[in-house]
Amino acid sequence: MNVSIVGSGYVGLVTAACLAEHGHRVVCVDQDASKVAAITAGRCPIYEKDLPELVAKHSGGALTATSSLEEAIRESEITLIAVPTPFDGRDIDLSYVATAARQIGQVLRTKDAYHVVVVKSTVVPGTTDKVVGPEVAGASGKAAGTGFGLGMNPEFLSEGAAVEDFMRPDRIVLGGIDERTHDALAGLYRSFAGIPVLRTTNSTAEMIKYGSNALQATMISLANELANICERLDGVDAIEVMRGVHAMKELNVETETGRQAAAITKFLLPGCGFGGSCFPKDLKAITAFGEHLGVKVPILRSVIEVNAGRAVRLVETAENELGNLDGRRIAVLGLAFKPGTDDMREAPSIEIVRELQRRGADVIAFDPVASDEARKVFNGSPPTFAGSVGQAVEQAEAILVVTPWPEFSDLPQMLSGRRPAPVVVDGRRFLKPSSVARYRGIGLTV
């Protein structure tokens, strides 16, 4: 199929490159000239595992980029909208989605062929039918269902593993207003053999995305709340507790080699909080959306509240060990919200660094790939950025492990024999407690 995608961020570009790999001809539309130039030259403008190789492989062939929406739509039969949907603290901001829909409609006004418009962005239920559809219809002079197709195809991509998630999905959800829309969407995924496909309404597809993220975020906050209890109990390790929970038959799957914990159990582990472009924004958005409908959502509210306290808790742990952080040299290892990406959106490291600074600490930070993005975030009051793990931990009195990058696995060897031994506060339970002289980890006795 000939596909156009509006927006070339994480979702848009990963979708474009993976669809190109599956034999479709895809054009990315973006107003950022630097992104268009990079894709055209075969360079990946974002950091994401395996994505640079796909962009380089298909650029100039099955994958192209342009700033001309009209050109892209005229040469395609289906358009995916993959633009940002930020949360402003009260409501989800649908302005980018509405603008994209209106501009698509303006092009469709003079295009005779039937065209399918699909929302890929995460939007609250009703957006595709009540915002996107009317915008396209108003600008095009055509009716949804007869003049153009209208669908919703949520993404289930984890940054750092987005290409793998797209190429080997656990399910494909196709929202649409009619069978013609469903059939067009199904054409995108015809080569994905053996994957469960759910055809449903647009609003249901939108809600499935929020339901999936809400479940995963709830599991993380549950594990963290249980970890808080474990820290007040002698001889109880939250990791061992979770290992026992993971052994439940309901959380296991049968494999050729026997039973093993299902992949979802990775969310049932304590840590210093979730971040990124999805969980924090989406939990706040669906919570506000529910309350606007007059629905009480105490569980979703508590998930957000539990997560909000994780960053400060890590700093408090360091302060309890050192007595006072004023003037103390503190190393923060890991700035991206998770390994495998340079994404700093809602990263726990942001609040951790700022809280350390509020308490007077001399903060030095290191991340293998996210330092440039972090400099933009901390513009005005940045920490000192180290060029290596060794430089970051040198003379540090406390070391906070925030993102579990593989590069940090050598930390015990770096600290071996060092006197006085710095306290290592492991916010991800990445290291073995016995591997360093002074270890403090999430979920261990205070």
Side-chain angles (χ1 to χ4, degrees), residues 47-49 52 159-160 271-273 275 310-311 313-344 347-379 381-442 444:
Y47 184 92
E48 179 63 38
K49 183 177 181 290
E159 290 183 40
C272 55
R310 301 311 295 172
R313 191 170 187 83
L314 210 64
V315 174
E316 290 174 343
T317 300
E319 189 171 57
N320 289 339
E321 286 292 314
L322 298 180
N324 191 307
L325 296 181
D326 189 26
R328 315 295 282 270
R329 188 174 182 82
I330 311 296
V332 173
L333 297 185
L335 296 168
F337 86 95
K338 65 182 290 188
T341 178
D342 63 351
D343 198 343
M344 286 291 298
S349 64
I350 298 173
E351 182 59 26
I352 288 171
V353 168
R354 288 174 175 163
E355 184 63 27
L356 286 169
Q357 291 174 329
R358 280 192 286 268
R359 301 187 187 208
D362 173 19
V363 185
I364 182 167
F366 173 74
D367 189 284
V369 303
S371 291
D372 287 344
E373 290 300 312
R375 285 186 174 89
K376 300 174 187 176
V377 172
F378 293 114
N379 184 29
S381 56
T384 300
F385 289 99
S388 66
V389 179
Q391 183 183 354
V393 303
E394 186 179 2
Q395 299 182 345
E397 297 179 72
I399 301 165
L400 277 56
V401 180
V402 179
T403 313
W405 285 99
E407 287 85 345
F408 302 156
S409 59
D410 293 334
L411 187 60
Q413 289 81 1
M414 293 182 185
L415 302 180
S416 179
R418 185 163 141 184
R419 298 290 183 273
V423 59
V424 175
V425 182
D426 191 348
R428 297 296 182 185
R429 295 304 301 272
F430 179 67
L431 303 171
K432 290 183 178 180
S434 60
S435 65
V436 295
R438 296 177 67 188
Y439 180 91
R440 292 288 290 107
I442 294 290
L444 279 174

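Just so it is clear, the structure is predicted and the values come from calculations on it, not from any experiment.
No side-chain heavy atom of Asp342 sits under 4.5 Å from any side-chain heavy atom of Asp372. With contacts defined as side-chain heavy-atom distances shorter than 4.5 Å, the pair Val393/Pro422 does not qualify. Contact of the Val315 side chain with the Arg359 side chain is registered, since non-hydrogen atoms from C-beta on lie closer than 4.5 Å. Residues Asp343 and Glu373 fail the side-chain proximity criterion, which asks for heavy atoms closer than 4.5 Å. At a threshold of 4.5 Å between non-hydrogen side-chain atoms, the residues Phe430 and Ser409 count as touching. Between Val401 and Leu411 there is a side-chain heavy-atom pair separated by less than 4.5 Å. The side-chain heavy atoms of Leu333 and Glu407, taken from C-beta on, include no pair separated by under 4.5 Å. When side chains are defined from C-beta on, Val377 counts as touching Arg354, because their heavy atoms get closer than 4.5 Å.
Residues forming a salt bridge (charged side-chain N to carboxylate O under 4.0 Å, His left out) with Arg328 (at least two apart in sequence, or on another chain): Glu397.
Classification of the Trp405-Tyr47 ring pair by plane angle, with boundaries at 30° and 60°, yields perpendicular.
To the nearest 0.5 Å, atoms CG (Leu356) and CG (Leu314) are separated by 8.5 Å.
Looking at Glu319, its side chain never comes within 3.5 Å of a backbone N or O of Asn324 through a donor-acceptor pair.
In summary, of the residues considered (Val332, Thr384, Leu400), a side-chain contact (heavy atoms from CB on, under 4.5 Å) with Val363 occurs for Val332 alone.
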